[in-house]
There are 2 protein chains.
Amino acid sequence: MSAQPLDSSEHRSGALLDHLARRMRLRSESVLAPLGLRPRHLVALTVLRAGGGTGQQALAAILEMDSTNIVGLLNDLEAKQLIERRRSPEDRRRHVVELTEDGAKRLSEAECALAGAEDEVLGALDPAERETLYKLLSRASSGTAVNCTEAICVTDDAC
Amino acid sequence: MSAQPLDSSEHRSGALLDHLARRMRLRSESVLAPLGLRPRHLVALTVLRAGGGTGQQALAAILEMDSTNIVGLLNDLEAKQLIERRRSPEDRRRHVVELTEDGAKRLSEAECALAGAEDEVLGALDPAERETLYKLLSRASSGTAVNCTEAICVTDDAC
DNA sequence: AGGAATCGTTCGTGAGGCACCAACTATTTA
DNA sequence: TAAATAGTTGGTGCCTCACGAACGATTCCT
């Protein structure tokens with residue numbers, strides 16, 4: 001047997017991450033629908049806000065999605081004018097994807113709208129803990145710290 | 001209306017949760033395959049370890065899955081003898097679901113096997129931060145604190 | 001006792017996510 | 001010029017999952 005109790009505290013977050021993400025996603029769907037967004041769009045927008053100006057194959061790598069499916073995703077967002085595709089001046093094959101002002105605004109609105117959902121899912125955590133969680137998640141999601149500028153709720157309705 | 005600008009720093013973890021869960025799940029699939037498990041199974045086992053002895057409709061509520069799909073999930077796990085369904089003595093309609101010893105062991109093995117995957121996904125976090133993350137996630141995932149007893153890796157290979 | 005509600009089970013259906021392949025254009029690089 | 005790369009389009013197929021219908025077993029209500 002040779003039971004090597006490695007670090008003793010060997011806690012794997014994978015399943016919990018999965019579980020919470022699912023619970024959050026279920027609630028998000030309905031909340032996001034009136035904004036014309038789906039959870040996956042929100043992920044893309046969030047990533048773009050964090051590390052904007054990336055080519056869309058780089059984006060595919062970050063999101064770990066197939067490049068061909070990225071196209072459709074971005075088509076949705078571009079049709080709603082939440083992102084812009086511009087050809088890169090350095091390499092004109094490349095489409096540089098960036099959040100538009102509308103996109104940043106819509107993202108903020110969406111995040112506001114998700115407050116209720118998050119309250120349900122993270123109800124057991126107090127505000128400080130949620131903030132800690134947020135910081136850990138955003139650090140983890142982009143290897144380097146997400147600068148994650150001030151996303152202020154500027155809507156007059158949802159907040 | 002009534003725009004209450006709540007806490008100013010209004011950070012929503014939903015998208016990040018989704019993103020990280022996806023990345024984790026992609027890696028988990030291949031790692032878990034040799035163990036005959038899939039990410040969803042792991043979630044169920046984790047929940048059962050945390051709050052075992054639940055009826056399976058209660059389980060459906062926790063996992064927020066349709067009851068009918070729970071059946072298939074549990075069938076898989078029972079076929080592998082990782083869980084047991086026993087009729088509740090109090091209410092014989094009810095099937096009380098519990099982890100078997102094999103199930104607990106397999107779960108630990110799986111968690112060990114996921115170390116590599118987690119290293120990739122949470123690479124930006126140091127061990128202490130990962131532990132913090134784990135605690136926050138497990139607190140959140142079950143309203144009341146998951147007692148989350150010592151899950152020691154007792155395998156001789158993977159660890 | 002009889003009837004309604006509940007738990008679990010099985011089967012089927014349909015929508016949607018997603019990986020993958022193939023072919024094509026535009027552009028860069030060797 | 002030839003090869004490689006970025007993006008796009010269209011199509012295919014698998015898997016997940018929510019949902020509905022029907023059923024046996026059991027409990028609860030009156």
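Note on naming: letters A, B, ... go to the chains in the order of the sequence lines (proteins, then strands), and numbering restarts at 1 for each one.
Following rounding to the nearest Å, Asp76(B) (CG) and dC17(D) (P) show an atom-to-atom distance of 12 Å. Whole-Å rounding puts the Leu74(A) CG to dA6(D) C1' distance at 13 Å. Between Leu73(B) atom CG and dG8(C) atom P there is a gap of 14 Å when expressed in whole angstrom units. Rounded to an integer number of Å, the gap from CZ of Arg85(B) to P of dT26(D) is 16 Å. The separation between Met65(A) atom CE and dA19(C) atom P is 6 Å, rounded to whole Å. Asn69(A) places its CG atom 12 Å from the C1' atom of dG16(C), with the value rounded to the nearest Å. To the nearest angstrom, P of dT27(C) lies 17 Å from CD of Gln57(A). When the C1' atom of dA18(D) is taken as reference, atom CG of Leu63(B) falls 15 Å away, rounded to whole Å.
Applying the 4.0 Å criterion to OP1 and OP2 of dG17(C), one finds that Arg40(A) has a side-chain N or O inside that range. For the OP1/OP2 pair of dG17(C) and a distance below 4.0 Å, the side-chain nitrogens and oxygens of Arg25(A) include no atom meeting the criterion. The shortest distance between the side-chain N/O atoms of Asn75(B) and the OP1/OP2 oxygens of dG8(C) is not below 4.0 Å.
Using a 4.0 Å heavy-atom cutoff across all strands shown, Gly72(B) reaches no nucleic acid atom at all.
Taken together through direct or relayed side-chain contacts under 4.5 Å among Ile, Leu, Val, Met, Phe, Trp and Tyr, Leu63(A) and Val121(B) form parts of separate hydrophobic clusters.
Not a single donor-acceptor pair, N or O on each side, falls under 3.5 Å between the base of dC18(C) and the side chain of Thr68(A).
For the segment residues 87-95 of chain B, residues with any heavy atom less than 4.0 angstrom from an atom of DNA chain C are, sorted by number, Arg93(B), Arg94(B), His95(B).
Where the helix from dA1(C)-dT30(D) to dA30(C)-dT1(D) starts and where it ends, the local axes point in directions that differ by 30°; five pairs per end, rounded to 10°.
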message: Walk me through whether Arg38(A) and Leu32(A) qualify under side chain to side chain contact (heavy atoms under 4.5 Å, CB included).
response: CA-CA 6 Å; Arg38(A) 320 204 63 197; Leu32(A) 255 36; 6.0 Å; no
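Comparing Thr54(A) and Glu29(B) along DNA chain D, the residue whose closest nucleotide (by nearest heavy atom) sits nearer the 5' end is Thr54(A).
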